[in-house]
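Hydrogens, waters and symmetry mates play no part in the numbers below; they use all other heavy atoms, side chains included. Reminder, nothing fancy here: chain letters follow the sequence lines and each chain counts from 1.
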Amino acid sequence: MQISTYQTVYNLVKKIPKGKVTTYGLIAEKLRFVNKNINAHVVGWILHKNNNPLVPCHRVVDRNGRLAPNFAFDGAREQKRRLESEGIKFTDEMHVDLKNHLWII
DNA sequence: AAGTTGACGACGA
DNA sequence: CTCGTCGCCAACT
């Protein structure tokens, strides 16, 4: 069975270490380096469809470190709570401190 | 098969 | 800073 694009995305997101976050664009960039032509929009859309608890999608934010508006998880509030429980700090109500927590492979 | 969707990114205003 | 527009592409309907 061929690995679909979204399986590839999940596989990468699962590798995000605890206490770190990454961005949609960064994920797209890494996967493009493998072989998939993907963009940030597709990554976000794939995660939206995700229902797999093994994928720590709360560690994925947009390029500014901002959390997903209100459509993700149980709301941005819940996502923020999870990230804080992993030691991630926020510069704002909706923004992760990317400077200290951005995941770089 | 073709059109729509989408948790984004970059840029302009 | 926010908002609108365009671009990007796979999966969905």
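Considering CG of A:Leu98 and OG1 of A:Thr23, their distance stands at 7.5 Å, rounded to 0.5 Å.
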Notebook entry, point to check: Going through the checks in order, is the side chain to side chain contact (heavy atoms under 4.5 Å, CB included) test met by A:Lys36 and A:Val9?
Noted result: CA-CA 10 Å; A:Lys36 300 293 183 181; A:Val9 172; over 6 Å; no

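Regarding A:His48, its NE2 atom lies at a distance of 19 Å from the P atom of C:dA10, rounded to whole Å. In this entry the distance linking OH of A:Tyr24 with P of B:dA10 reads 14 Å, nearest Å. Between the C1' atom of C:dA10 and the OH atom of A:Tyr6 lies a distance of 12 Å, rounded to the nearest Å. Regarding A:Met94, its CE atom lies at a distance of 15 Å from the C1' atom of C:dC1, rounded to whole Å. Rounded to whole Å, the distance from CD1 on A:Ile46 to C1' on C:dC12 is 12 Å.
For DNA chain C, the neighbouring residues in residues 36-45 of chain A, judged by any heavy atom under 4.0 Å, are A:Asn37, A:Asn39, A:His41, A:Val42, A:Trp45. Shown for residues 25-35 of chain A: residues whose heavy atoms fall under 4.0 angstrom of DNA chain B, namely A:Gly25.
With hydrophobic clusters built from ILVMFWY side chains whose heavy atoms lie under 4.5 angstrom apart, A:Val43 shares a cluster with A:Ile105. Cluster annotation: A:Leu12 is not connected to A:Leu54 through the hydrophobic network of ILVMFWY side chains, with a link wherever side-chain heavy atoms come within less than 4.5 Å.
More than 12 heavy atoms of other residues, nucleotides or ligands sit less than 6.0 Å from atom NZ of A:Lys14. Heavy-atom contacts from other residues, nucleotides or ligands closer than 6.0 Å to CD of A:Glu29 number 12 or fewer.
The residue among A:Arg63 and A:Asn50 whose nearest nucleotide of DNA chain B lies closer to the 5′ end is A:Asn50.
Under the 3.5 Å distance criterion, the side-chain polar atoms of A:Tyr6 are left unmatched by any main-chain donor or acceptor of A:Trp45. Judged by distance alone, with hydrogens and angles left aside, the side-chain atoms of A:Asp62 form a donor-acceptor pair with the main-chain N or O of A:Asn64 at under 3.5 Å.
Classification of A:Glu78 and A:Arg82 as a salt-bridged pair holds, one side-chain N sitting under 4.0 Å from a carboxylate O.
Annotation: side chain of A:Asn11 is in contact with side chain of A:Lys15 (closest heavy-atom distance under 4.5 Å).
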Check: Using Watson-Crick and G-U wobble pairs whose two distances are both under 3.5 Å, how do you write the pairing of DNA chain B as dot-bracket, with | for links to another strand?
Finding: .|||||.||||||

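Between the side chains of A:Glu86 and A:His58, at least one donor N or O sits under 3.5 Å from an acceptor N or O.
Proximity of A:Lys49 to the phosphate of B:dA7: no side-chain N or O atom is located under 4.0 Å from OP1 or OP2.
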